[in-house]
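Every heavy atom of this structure was used, including side-chain atoms; hydrogens, water molecules and symmetry mates were not. When a residue number appears, it is its place in the shown sequence, counting from 1.
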Amino acid sequence: FAQAAVEACKASRIGNDKAVDFGTAFAAADQRARAWQPDVVVVRLAQTSLGPIDADARSANWYMVYFSPASKKRLAISIANGMMTCYADADTPGRLPILKQGVYRDVKQLLATASAKGGAALM
């Protein structure tokens, strides 16, 4: 069983706006994760249903999970309405994705590609 999650960082504001673009959210989360454990790898990058992604790739709710192989701990980072919080636990992440550098950061391109492939009807 996973241990209870504990607060891993003090809540902090990453911007004045409630909705922030993915690049800003990712940069803040990645910096915080690497300060927590320098060997972290990305497990999950997502936005929640509370913050749909707009045309400028902004969302009011981002959720990012990292894993540290050295400490065998996960770090979950939430960015809600411009405020970042972090919680760590000793659970395993399951399979780790293999991400190419930069591919997952261009949310505008992802939206354009999804729209061109029929995703606009779902949005």
Over all atoms of both residues, closest heavy-atom pair of Ala25 and Ile79: O-CD1, 3.5 Å
Atom pair CE/OG of Met84 and Ser78 - distance to nearest 0.5 Å: 10.5 Å
Which pairs would a plain distance check flag for residues 46-60, meaning a side-chain donor or acceptor within less than 3.5 Å of a matching protein atom at least two apart in sequence or in another chain?
unit_1, atom_1, unit_2, atom_2, d
Thr48, OG1, Leu50, N, 3.2
Asp54, OD1, Asp56, N, 2.9
Asp54, OD1, Ala57, N, 3.2
Asp54, OD1, Arg58, N, 2.8
Asp54, OD2, Arg58, NE, 2.9
Asp54, OD2, Arg58, NH2, 2.9
Ser59, OG, Gly51, O, 2.4
Ser59, OG, Asn61, N, 3.1
Ser59, OG, Asn61, O, 3.2

With sequence neighbours excluded, residues passing side-chain hydrogen bond (donor to acceptor under 3.5 Å, both in side chains) with Arg34: Asp30
Hphob cluster co-occupancy, Trp36 + Leu45, side-chain heavy atoms under 4.5 angstrom: yes
Nearest-0.5 Å distance, OG of residue Ser68 to CZ of residue Arg74: 13.0 Å
Donor-acceptor under 3.5 Å (Asp17 side chain, Val20 main chain): no
Closest approach of Arg13 to Gly15 (non-hydrogen atoms, all atoms of both residues): CG-O, 3.0 Å
same_hphob_cluster(Leu75, Val42) at 4.5 Å side-chain heavy-atom cutoff: yes
Residue pair Tyr66, Ile77: steps toward the side-chain contact (heavy atoms from CB on, under 4.5 Å) verdict: CA-CA 8 Å; Tyr66 292 80; Ile77 298 176; 4.1 Å; yes
Atom pair CD (Gln31) and CZ (Phe26), whose distance is rounded to the nearest 0.5 Å: 11.5 Å
Common cluster, Tyr87/Trp62, ILVMFWY with side-chain heavy-atom separation under 4.5 Å: no
Gln37 side, atom CD; Lys73 side, atom NZ - distance, nearest 0.5 Å: 7.5 Å
For Cys86 against Arg32, the heavy-atom pair lying closest together: SG-CG, 3.6 Å
With Val41 via side chain to side chain contact (heavy atoms under 4.5 Å, CB included) - residues at least two apart: Phe67, Leu96
